[in-house]
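To keep things clear, I will list the structure first and then write my remarks on it.
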Amino acid sequence: MFRFSSPSLRHLLVISRSHPTPSPFRRAIATGLAMDSIKVHDSLRPGQPVSFTPIEKGKVSWYACGPTVYDHSHLGHARNYVSTDIIRRILLHYFGFDVKFVMNFTDIDDKIILRARRQRLLENEKKKNYTDAELTELGMAAFRAYAKSNLPNLVESADGPLDLNNYATRRDATYGQVLAGGTLTGEGKPGDDEAKLKMHINNMTAAVAAIGSKQIFLGAEEILLPYFDSLYKETLDTSDQTIFTSLTQLMENEFTKDMDALNVLRPDVVTRVTEYVPQIASFVERIVEKGFAYEAEGSVYFDIAAFEKAGNTYARLRPESRNDKALQEEGEGSLGKSLGGKRGAGDFALWKKSKPGEPYWPSKWGNGRPGWHIECSVMASDVLGSHMDLHSGGIDLAFPHHDNELAQSEAYFCQKGHEHTWVNYFLHMGHLSISGSKMSKSLKNFQTIKDALASTYTARSMRIVFLHGRWNDGVEITPSMRTQADSWETTVNNFFTNVKSLLVEANDTTAALKNGVAGISINEAKPVEGLLADLEQAKKDVNTALTNSFDTPQVMRVIADVIRKANIIIGSPNSKSELPAIESIAIWVTKIVGILGLDANAEAPYEGLGWASAAASADIDPATAVQPYEAVYGSVLSDAKSLDLPASDVLTDLLSQSPRSEFDSLVKTGIRDPEQLGLPFIRATSKLRDELRRIVPSVGSELKASILSLSDRIRDYDLTNIGVYLDDRPDGQPSLIKFIPAAELISARDEKAAREAEKAKAKEEARIAREKAEAEKWEKAKVSPQDMFKGDERYTEWDAEGMPTKLKDGSDLPKAQLKKLKKEWDRQKKVHGEYLTKFGGT
């Protein structure tokens, strides 16, 4: 059994961790490192990573732009928030910072207003009693309005108005090149413009089918929504803000569920725009009072010219984009286009006058609502103050959102003659692209996180994909990237499984745990060699990578490399003597993958070996946890005793062993890991099965068959069903016990059974085909050569041997044909002779 030198060491081998998170600073893995050795890619200072120096030593204040909660989150969001989570975890649990992480939910903006308002209008329309003719007329009006707004080239044609019949022809003639994968210009690769065009075409194509089948509310929603909005938006009573909050509350809950499913740590503080509107109005008033903003027609705009005249810098993140009209308009929102009174083309709204159909709050300028950018300035400053360490978000937010945040916040806080630093470092996550186009809700070219986790990814596999790319680089997921990630995960899984199996076989904790080898500092002066030297180098390499702007691709390579070196030793004859070093590597890898968030069931400080189990994390009752293992042992023991086994001291001992007492001892030590608690019963089962297999050659055929049947059942069903695999080894070596998720083992077993069934089916079909061919052969051979041509209507006369002499028209057979028939006659004579020999007859 496992023996522990002290209570504090007992928990080190526990495969699951359920400890409360300790002080991050005290639990930093990089013991003794200077905090100022960290470098980060800072968008305020583009180029090479710069030194990271927090405002307060050992602490990090961080504001992250959260989602606009109007629809389900997609893989692009996963890329952003998982990458953010990885950096946060590294700061917390590797470097030991006390991180205060704040994230907002944008629960009111133009996208939310449009989505919620249009959905309410659509619901209202569905309640009306339209006739089929009226529905068709309604659908066609929306169809043509959508085309005019989004695909005008389809509307303008000499052959009459656009209708359901000519739509496909015009579509293919006008946009066939794009639909075939080309670009609008005919040059380069397709991007966002082509993706948006395809989205509009898909909406139109779906509408054609829906209108044609008189089911417009089941397929033409995307063209109906803007049409109804244009007709009825001003009829809604927007003093009832549940029109909007019912959508945002639902989507916020869905986002939180998605993040939990991805093992993303929840924020320390969550803010919502609708909870900050009075503070936002006051914040805007202060900027106006300082001369950096002005009111116009009920809206308030930031005055870029005044800001720069005072000695401040605008567009510090993306100076090259400051005059990009498309980005400016996107930042103002689709509902802000009709607002007027701007002094400068780049001036942006701090407060928007609410128009009919929009939610509103009172202010000194009249009823209105916050501009997009001001929200984050107010919420971040309220929680973190006038100066913070980190601000982060997707790269698409750099301009205008983050540049405008910086400007208005610095305008609010700056003192006369002194430029204010609101954010020390800006971290921008690279976006996720599909076929060269950014994954986007507005482009409708996305897969939701929920769908991805249900079909394509696990939370771990998705995170591994992102870890293989730099957080600040764009990512396009390719088959080769998925293959690389899957291979890495398999390598780590197999390594953990094999190391735990070797430890079970060794039947004790090793010196690695007893002597604390796993905790050797990367600055340890004690000389080491062999695998321990490889481990120390890996620790140094990981530290170098993480201090170099959180270079996780390099970390993944280092882990794979040190595992490769350990696997070489595992496969060598001296693996037992190197087991302490192998175990040390496994414990260190466990800690690093825990820090990276790859184990949803693990908690800091990530002590243990291998992936944590959900059951252990739940800290279930030991008797409940061990029940499946004890049940299997009881069943196997009973079945073994029912066999007429030969007498032997070994079998007698095995049939009378008491794993329950060993289990009770483990419980007393405080162990709660189901796998470890189940080990006494699994080990007893494995030993009994090994002995049964050993005596097989010496027993009779009937007992032999019974033993082999029981042995296979134990391995393939009893243990497989509870997540245990027995790896049978040659030369009388005991089977290796491997804990592998039951679902994986059952799937592998079922796949093997399916392959064997398919193989058996093919074998049976081949047997039947052979028998059929054999029967047909002898049936044909049964005919004597003298009779084989008789009855053939092509011939009218035959000689004494049965060879044809006259054709149907009375003419003699040509010599060439007669020669050919004679060969057939000779072959039949041979096989007929074989038939007579085999079956008898004359």
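Remark: of the listed residues Ile108, Asp110, Asp109, Thr248, Asp109 is the sole one forming a side-chain contact (heavy atoms from CB on, under 4.5 Å) with Thr68. Shown are Leu265, Val60, Ile87; of these, the side-chain contact (heavy atoms from CB on, under 4.5 Å) with Leu92 is made only by Leu265.
Salt bridge status for Arg322 with Glu308: present, with a side-chain N to carboxylate O gap under 4.0 Å. Salt bridge present: Arg369 and Glu358 bring a charged side-chain N and a carboxylate O closer than 4.0 Å. We find that Lys100 and Glu56 are not joined by a salt bridge, their nearest charged nitrogen and carboxylate oxygen being 4.0 Å or further apart. Using a 4.0 Å cut-off between a side-chain N of Lys or Arg and a carboxylate O of Asp or Glu, Arg45 and Asp42 qualify as a salt bridge. At a threshold of 4.0 Å, the pair Arg318-Asp403 does not count as salt-bridged, since none of the basic side-chain nitrogens sits closer than that to a carboxylate oxygen. With respect to the salt-bridge test (charged N to carboxylate O, under 4.0 angstrom), the residues Lys342 and Asp347 do not qualify. A salt bridge is absent between Lys352 and Glu332; no separation between the charged side-chain nitrogens and carboxylate oxygens falls under 4.0 Å. Under the 4.0 Å criterion applied to side-chain N and carboxylate O atoms, Asp268 and Arg88 are assigned as salt-bridge partners.
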For this session: Step by step, work out the salt bridge (Lys or Arg N to Asp or Glu O under 4.0 Å) result for Glu252 and Arg272.
Result: CA-CA 10 Å; Glu252 179 184 327; Arg272 298 173 184 84; 2.6 Å; yes
For this session: Carefully, step by step, assess Trp365 and Val284 under the rule side chain to side chain contact (heavy atoms under 4.5 Å, CB included).
Result: CA-CA 11 Å; Trp365 312 286; Val284 173; 3.5 Å; yes
Exercise. Would Thr552 and Trp471 satisfy side-chain hydrogen bond (donor to acceptor under 3.5 Å, both in side chains), going step by step from the backbone distance to the final call?
Worked result: CA-CA 8 Å; Thr552 59; Trp471 58 269; over 6 Å; no
For this session: Kindly determine whether Leu262 and Met462 satisfy side chain to side chain contact (heavy atoms under 4.5 Å, CB included), including the steps that lead there.
Result: CA-CA 8 Å; Leu262 292 174; Met462 189 184 297; 3.7 Å; yes
Exercise. Going through the checks in order, is the side-chain hydrogen bond (donor to acceptor under 3.5 Å, both in side chains) test met by Trp351 and Ser363?
Worked result: CA-CA 9 Å; Trp351 184 264; Ser363 76; 3.3 Å; yes
For this session: In sequence, state the C-alpha distance, the side-chain angles, and the governing distance for His77 and Asp258, and then conclude on side-chain hydrogen bond (donor to acceptor under 3.5 Å, both in side chains).
Result: CA-CA 10 Å; His77 296 105; Asp258 287 340; over 6 Å; no
Problem set entry | Full working for ring-ring contact (aromatic ring centres under 6.0 Å, His included) between Tyr146 and His200 | CA-CA 9 Å; Tyr146 191 91; His200 291 315; 5.5 Å; yes
For this session: Decide yes or no on side chain to side chain contact (heavy atoms under 4.5 Å, CB included) for Glu295 and Val288, but give the supporting numbers first.
Result: CA-CA 8 Å; Glu295 184 271 338; Val288 173; over 6 Å; no
Exercise. Which is it for Asn203 and Asn150 under the side chain to side chain contact (heavy atoms under 4.5 Å, CB included) test, yes or no, and what are the steps along the way?
Worked result: CA-CA 11 Å; Asn203 291 342; Asn150 301 294; over 6 Å; no
Problem set entry | Trace of the salt bridge (Lys or Arg N to Asp or Glu O under 4.0 Å) decision for Asp192 with Lys196 | CA-CA 6 Å; Asp192 288 356; Lys196 184 176 292 186; over 6 Å; no
Problem set entry | Pair Lys325-Glu330, salt bridge (Lys or Arg N to Asp or Glu O under 4.0 Å): steps then yes or no | CA-CA 8 Å; Lys325 187 177 180 181; Glu330 184 179 347; over 6 Å; no
For this session: Decide side-chain hydrogen bond (donor to acceptor under 3.5 Å, both in side chains) for Lys39 and Ser51; before the verdict, give the C-alpha distance in whole Å, the side-chain angles of both, and the deciding distance to 0.1 Å.
Result: CA-CA 4 Å; Lys39 295 182 182 296; Ser51 294; 3.2 Å; yes
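Asn104 and Tyr276 form no side-chain donor-acceptor contact under 3.5 Å, judged by distance and modelled atom types alone. Looking at His41 and Gln48, their side chains never bring a donor and an acceptor atom within 3.5 Å of each other. For the residue pair Trp422/Ser381, the side-chain donor-acceptor check at 3.5 Å is satisfied. Counted by atom type alone, Tyr425 and His391 present zero donor-acceptor pairs between their side chains at under 3.5 Å. A donor-acceptor pair shorter than 3.5 Å can be found between the side chains of Arg79 and Ser83. Checked by atom type, the side-chain pair Asp451/Thr448 shows a donor-acceptor distance below 3.5 Å. Using modelled atom types, one finds a donor on one side chain and an acceptor on the other under 3.5 Å when comparing Thr478 with Ser480. For the residue pair Asp107 / Tyr70, no side-chain donor-acceptor distance below 3.5 Å is found, with atom types taken as modelled. There is a side-chain donor-acceptor pair under 3.5 Å between Asp389 and Ser61. Between the side chains of Glu405 and Ser377, no donor-acceptor pair is found at a separation under 3.5 Å.
In this structure, Phe302 has its ring center closer than 6.0 angstrom to the ring center of Phe307. You'll find the ring centres of Phe426 and His428 inside the 6.0 Å limit. Side-chain rings of Phe101 and Tyr63 stay apart, their centers remaining 6.0 Å or farther from each other. For Phe348 and Tyr301, the distance between ring centers is not under 6.0 angstrom.
To the nearest 0.5 Å, atoms CG (Leu596) and CD1 (Ile86) are separated by 6.5 Å. With rounding to the nearest 0.5 Å, the separation of CD in Gln447 from NE2 in His72 is 13.5 Å. One finds the CZ atom of Phe105 at 12.5 Å from the SG atom of Cys65 (value rounded to the nearest 0.5 Å). To the nearest 0.5 Å, atom NZ of residue Lys233 and atom CG of residue Leu114 are 8.5 Å apart. Taking NE2 of His387 as the start and OG of Ser409 as the end, the distance is 12.0 Å to the nearest 0.5 Å. Remark: Ile38 CD1 to Ser549 OG distance equals 10.5 Å, nearest 0.5 Å.
Heavy atoms only, all atoms of each residue included: Ala411 and Phe292 are closest at CB-CD1, 3.6 Å. Looking at every heavy atom in both residues, Glu297 comes nearest to Gly341 through OE2-N, 3.9 Å. A pairwise comparison of heavy atoms in Gln328 and Asn323 identifies NE2-CA, 3.9 Å as the closest pair. Here the closest non-hydrogen pair linking Arg470 and Asn548 is NH2-O, 3.5 Å. Summarising the geometry of Gly357 relative to Thr238, their closest heavy-atom pair is C-CG2, 3.3 Å, with the distance given to 0.1 Å. Of all non-hydrogen atoms in Met259 and Ile449, the two that sit nearest each other are CE-CD1, 3.7 Å.
Under a cut-off of 6.0 angstrom, the local environment of CD in Glu320 is crowded, with over 12 non-hydrogen atoms contributed by other residues, nucleotides or ligands.
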